[in-house]
Amino acid sequence: RRKEDGPHVHSKGLNSCLELEFPPTSLGGSSPSPPPFQYPFQLISFSYTPTRELEFTDSALRYYAIPPHGADLSFRYDSWIKRPEERGRLDGLLEACLHERVFPETRRANVISWRGVMTKILTAPYEDRDGWELNVMNVADALYFEEHTTEGKLKEKESMTPRNRLQTYYGYAFESFATSATPSTSDDTSRLPNGWSGDVNTNVQWCSVVKTKLGKMRLLVGGEVDCVKGMSCNKKYTGQPNTFVELKTSMTIRGQTDEARFEKKLLKFYFQSFLLGVPEIVVGFRTPSGRIADLQTFKTIELPRLVRGKKDAWDPNICLSWGDRFLTFLKTSIDELRDQEPNETPIQEGISDAGAHVWRVSFKPGKGVDVRLLDDAGVQEVQNGEDRVGFLPTSYFRKVSK
Ligand code: A3P
Ligand code: MG
Ligand code: MG
């Protein structure tokens, strides 16, 4: 049995670093009692336009529409307008944080992050392959997370193999076949006869910003929502997550190996949806050549029961307990590390606030995470020559740190 007590401090010369280890993920049947999680409440929504402008409208909101059987997910591949790969900046979310409808909650929040980062944190106990790194700041009692992406990693993402690129497109094409710009489905004039609702432009996104609570931590989380329920459903969108729908594609399941692989993927589907309060996930199962062969709707809250007792089962309570420990650990270790630093710390010119520090969290699959304070060179890499305090836009930093 591995240690589950407090974090371990490792002093490596002046560069001290704190480590937090994972609990074992198989506890022989017993599930930890999870910290309370509050159902997400939407504070605001916004849209990215086809030219990637952020606007506080629902112009990018889409409605679910049943996609046709046999739909070809490579349809109009050559017309894909692909948004360039970018660093995991928080800028769009921060714009929402400053909006008058959100700002009071921004001041109360303990954690501000995109949903994708929170999903990575919560699913880390079960991630055995891909490590990740975060940049973290602690400003006016709120932790800000951005994924740390190096130039090398960005280039790697941008130079996808043709096969990977096509498979990525399948996911977006499914969204076009399964949504409509208007809520009607029977007399739907916004879709072509084959169910296509329009060419894929990955600049366009509809995002929801919610407040929620994990344990004692108040979270403000933003993320993309694929669509909301359409007219054929008795519930309609009223500005809250209870009609949100997440769309996914996956290869059809042909045997036990496929099934196990799919059940493993469900962990990510689960937390991605859970964090924004998305109650339903529609999976389009596709053939190897990209045709929709099957549709299945999953209720998010039922997913844990679906995998329970299986060979590679996951337990959401382990993830939530871990997430609670992780956030608490960060809050405490950040103060501790700053106090240990004997040198002058990397605060920028004119910025005297201790909130200007940047921490680097590194996740090692199967082990846990460590956190250290970035030095000047590290902070400069994060700033990337832009007008920022750490990774936050300077104007944002000034508004929240006073
Ligand atoms: P799938 O849903 O079929 O995986 P999301 O499901 O999160 O709304 O994302 C929509 C699509 O974006 C995905 O389709 C996939 O094609 C692409 N996508 C999302 N995350 C990705 C990642 N980390 N790498 C590559 N493609 C990704
Ligand atoms: Mg999406
Ligand atoms: Mg999706």
Side-chain angles (χ1 to χ4, degrees), residues 50 60-83 157 159-206 224-233 244-270 272-273 278-300 302-303 306-307:
L61 174 67
R62 297 290 179 268
Y63 297 86
Y64 179 67
I66 298 167
H69 181 86
D72 173 10
L73 298 178
S74 65
F75 186 65
R76 301 285 288 165
Y77 176 53
D78 292 334
S79 306
W80 179 14
I81 299 174
K82 190 176 176 300
R83 169 165 53 102
K157 271 193 188 170
S159 59
M160 240 187 265
T161 64
R163 195 186 140 78
N164 272 332
R165 199 175 184 278
L166 177 63
Q167 283 179 346
T168 299
Y169 180 77
Y170 287 164
Y172 297 121
F174 180 62
E175 294 177 354
S176 179
F177 279 119
T179 64
S180 155
T182 56
S184 53
T185 48
S186 48
D187 57 333
D188 198 345
T189 50
S190 68
R191 301 165 98 218
L192 295 177
N194 68 352
W196 188 249
S197 71
D199 289 348
V200 176
N201 179 341
T202 39
N203 285 309
V204 177
Q205 287 181 301
W206 185 70
E224 190 206 357
V225 176
D226 292 333
C227 59
V228 299
K229 288 195 172 194
M231 276 276 268
S232 57
C233 171
F244 289 0
V245 180
E246 169 62 39
L247 303 172
K248 289 286 178 196
T249 62
S250 198
M251 280 275 272
T252 49
I253 295 169
R254 287 141 177 241
Q256 288 192 340
T257 315
D258 288 355
E259 192 176 314
R261 199 175 295 148
F262 180 70
E263 284 164 356
K264 206 172 167 192
K265 280 208 298 198
L266 285 179
L267 169 65
K268 284 187 183 155
F269 294 7
Y270 176 76
Q272 177 184 11
S273 295
V278 181
E280 265 182 31
I281 304 168
V282 176
V283 179
F285 289 98
R286 63 164 178 87
T287 65
S289 64
R291 296 236 171 221
I292 292 297
D294 219 344
L295 278 182
Q296 205 174 335
T297 302
F298 296 91
K299 294 222 183 298
T300 306
E302 290 174 4
L303 290 181
L306 210 74
V307 302

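Put simply, the side chain of Pro50 reaches to within 4.5 Å of the side chain of Val204, judged on heavy atoms. For the pair Arg286/Met251, a side-chain contact is recorded, criterion being any heavy-atom separation below 4.5 Å from C-beta on. Looking at heavy atoms from C-beta onward, Glu280 lies out of side-chain contact with Tyr64 at the 4.5 angstrom threshold. Considering only heavy atoms from C-beta on, Asp226 stays 4.5 Å or farther from Val282 through its side chain. A heavy-atom distance below 4.5 Å is not found between the side chains of Glu246 and Phe298.
Phe244 pairs in a side chain to side chain contact (heavy atoms under 4.5 Å, CB included) with only one of the listed residues (Val278, Ile281, Thr300), which is Val278. The only option from Phe262, Tyr170, Phe174 that meets the ring pair (Phe, Tyr, Trp, His ring centres under 6.0 Å) definition with Phe285 turns out to be Phe262.
Note that the NZ atom of Lys229 and the OH atom of Tyr63 stand 14.5 Å from one another [nearest 0.5 Å]. In this structure, CH2 in Trp206 is found 11.5 Å from CZ in Arg62, a value given to the nearest 0.5 Å. Put simply, CG on Leu166 and OG on Ser74 are 6.5 Å apart, with the number rounded to the nearest 0.5 Å. Here Ile81 contributes atom CD1 and Arg83 contributes atom CZ; the two are 13.0 Å apart, rounded to the nearest 0.5 Å. Atom CD of Glu302 is separated from atom CG of Leu266 by 12.5 Å, given to the nearest 0.5 angstrom. From Arg165, atom CZ reaches atom OG1 of Thr168 across 9.0 Å, with rounding to the nearest 0.5 Å.
Ring-plane geometry between Phe75 and Trp196 is classed as perpendicular, the angle between the planes exceeding 60 degrees on a 0 to 90 degree scale with a lower cut at 30. Aromatic ring pairs are classed by plane angle as parallel below 30°, tilted from 30° to 60° and perpendicular above 60°; the pair Trp80 and Tyr172 is tilted.
Closest approach of Arg191 and Ser197 over heavy atoms only: CG-CB, 4.0 Å. Here the shortest heavy-atom pairing between Gly70 and Arg291 reads O-NH1, 3.0 Å. Among all heavy-atom pairs drawn from Leu295 and Gly284, the shortest one is CD2-CA, 3.9 Å. Heavy atoms only, all atoms of each residue included: Ser180 and Ser190 are closest at OG-OG, 2.9 Å. Residues Asn201 and Asn203 come closest through the heavy atom pair OD1-N, 2.9 Å. Annotation for Thr202 and Gln205: closest pair O-CG, 4.4 Å, computed over non-hydrogen atoms.
Residues forming a side-chain hydrogen bond (donor to acceptor under 3.5 Å, both in side chains) with Ser273 (at least two apart in sequence, or on another chain): none. For Thr287, the side-chain hydrogen bond (donor to acceptor under 3.5 Å, both in side chains) partners at least two apart in sequence or on another chain are Ser289. Residues satisfying the salt bridge (Lys or Arg N to Asp or Glu O under 4.0 Å) test with Glu175, not counting sequence neighbours, are none.
No donor-acceptor pair closer than 3.5 Å links the side chain of Tyr77 to the backbone N or O of Ala173.
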Report task. Would you check, one step at a time, whether the test side chain to side chain contact (heavy atoms under 4.5 Å, CB included) holds for Tyr270 with Val307? Result -> CA-CA 11 Å; Tyr270 176 76; Val307 302; over 6 Å; no
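Other residues, nucleotides and ligands contribute over 12 non-hydrogen atoms within 6.0 Å of the NZ atom of Lys82. Within 6.0 Å of atom CD in Gln256, 12 or fewer heavy atoms from other residues, nucleotides or ligands are found, so the atom counts as exposed in its surroundings.
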